[in-house]
Amino acid sequence: MSSKITGPKGAPDLFPPRSTLHDEIIGKSVEQFRRFGYNRIETPMFESTALFEKGLEPGSDMVTKQMYTFEDRGGRSLTLRPDMTTPVVRAILEHNMDKQGLPLKFYYVAPIFRQERPQAGRQRQFTQVGVEAVGADGPDIDAEVIQLATKIYKEVGLEVTLALNSIGHPGCRADYIPKLQAYLRSVSGQLCEDCVRKIDTNPLRTFDCKVEEDRKLLENAPLIVDQLCPECEIHYAGVKDRLNEWGVPFTEDSRLVRGLDYYTRTAFEFTATGLGSQNAVGGGGRYDGLAESLGGPSLPGIGFGLGVERIALALESKGVEIKPMLDVFIATIGDQARTLGFKMAPKLREAGFSTDMDHAGRAMKGQFKAANSRNAAWVIVIGDKEIEAGKFTVKHMMSGDEESLPPSRIVGYLAVRS
RNA sequence: GUGGCCGUAGCUCAGCUGGUAGAGCACCCGGUUGUGGUCCGGGAUGUCGCGGGUUCAAGUCCCGUCGGUCACCCCA
């Protein structure tokens, strides 16, 4: 056990039943993406390190500690992608997609890599599903993107809370941040060490502090929503109006912030219960400054990413269980029956029924046990009696009812009864 | 990166102050010469995460290491 090679830290293997739940979440997400007019984009799992160094705060923990960066044989510095927004915008700019019809609406299902210390709901490789809508700046698209995310949670059966905020444009923040810093300095004697450090490095993040006393002090801090310029104010109001029209419930949370400069205006986050301290199951926002920071033209965009593992965890903590199902299990006795079974199976599969047979040479009882543990809805029994009669026995596992049918009629029978 | 807890059968775990390993579930076989999900009987499985140390003796104590987990940090 010990000298066996194990998987890398924080990168768990995925197998049934959890993989089935993942499939379910991803499948339902993709269905909604398509309904909202999004098409798939795929980008490489690794990029030039420079891309993320440009997109992220230089010198921040994100860049210096939390990326998987390595050199290839050509001496190029590469990094496993720590998010999807930056690569998608890079691809759009590289292929001049923005010169065509806007907005571009892309969705993705993608593994993401961050070298953090694992904990509940935090892995070093994890899966995000999400969208990027690039080239539209009105509040309508913001609201629609949020509605889309909300719809996905509803479809997978997870209750979430939506927190909404506007963090303005860089101009708003240029006015606001000094005010926030001034306030923080005025109470710095009572703040925790981390918050004091953040006054200069990342004052907005003091709102995330978990220390009770600090939270109280922050309640009196000036808020970005109160400092928005008229344009940002109107935009934010437009988003809220749309959401209200559509009946999408949200709570305004002026403590919700983003760490990077290219984020603008709308920011949102979904949280669920039953997850421990990493309770965000998805989030997103507007990034009108990103394309420019990558050396491209001014190009607005908004998107979100949902954490598939966290959604699965939250569902599991609520007792949701998705069992792998099988439509038909074919149980056979003897070589001749086995041959007939192998003729039957392709017909059932062709007709759309998931079908399996015994591959371990088990006795009848064992085959039924296998069918049962696979949650088979039907078992078709083929033995000497059936061969002689030219009719197979079709058993409905739930009720125990059995029917004797000629092979040619079985597909039709199951189609009606399933 | 920091700290707490944990690491024994496929899974969940028991194993008191050191004396070379157990239960339940799952699995396989049988009771039912061809019928599961209930019941009864039987069976297989571990270098007790790894390395080192203390000791006559280590699953048990000590150190290290790897892994897991939870929290902090960070959160694109």
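To find a chain, count down the sequence lines: A is the first, B the second, and so on, and within it residues start at 1.
To the nearest angstrom, P of B/U32 lies 18 Å from CZ of A/F368.
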If a protein heavy atom is under 4.0 Å from the base, mark B; if only from the sugar-phosphate, S; if neither, -; do that for nucleotides 40-45 of chain B going 5' to 3'. ------
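Note that CD1 of A/I380 is 10.0 Å distant from CE of A/M357, once rounded to the nearest 0.5 Å.
Annotation: side chain to side chain contact (heavy atoms under 4.5 Å, CB included) contacts of A/T206 (sequence neighbours excluded): A/L184, A/C195, A/K198, A/L218.
Side-chain atoms of A/R197 and base atoms of B/C73 include no donor and acceptor less than 3.5 Å apart. In terms of polar N and O atoms assigned as donor or acceptor, the side chain of A/E402 comes within less than 3.5 Å of the base of B/U35 in a complementary pairing. For B/G34, the base has a donor-acceptor partner in the side chain of A/E386 [N/O atoms by modelled type, under 3.5 angstrom].
Side-chain contact, A/T86 with A/D83: a donor N or O sits under 3.5 Å from an acceptor N or O.
A 4.5 Å side-chain heavy-atom check between A/F126 and A/Q123 finds at least one atom pair inside the cut-off.
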Hey, what are the protein-to-nucleotides 5-7 of chain B N/O distances that come in under 3.5 Å?
none

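Using atom C1' as the reference point in both B/C66 and B/G49, the two lie 8 Å apart (nearest Å). Rounded to a whole angstrom, the distance from the P atom of B/A9 to that of B/U45 is 14 Å. Comparing the P positions of B/C25 and B/C6 gives an interatomic distance of 28 Å, to the nearest angstrom.
Remark: side-chain polar atoms of A/E47 are not paired, donor with acceptor, to backbone N or O of A/R81 under 3.5 angstrom.
Each of A/H22, A/E309, A/R310 was compared with A/T127 under the side chain to side chain donor-acceptor pair (under 3.5 Å) criterion, and only A/E309 meets it.
Within 4.0 Å (heavy atoms only), A/G400 reaches at least one base atom of the nucleic acid.
One finds no salt bridge joining A/D208 and A/R255 here, because no Lys/Arg side-chain nitrogen approaches an Asp/Glu carboxylate oxygen to under 4.0 Å.
Shown here is A/N96, whose CG atom has more than 12 heavy atoms of other residues, nucleotides or ligands within 6.0 Å.
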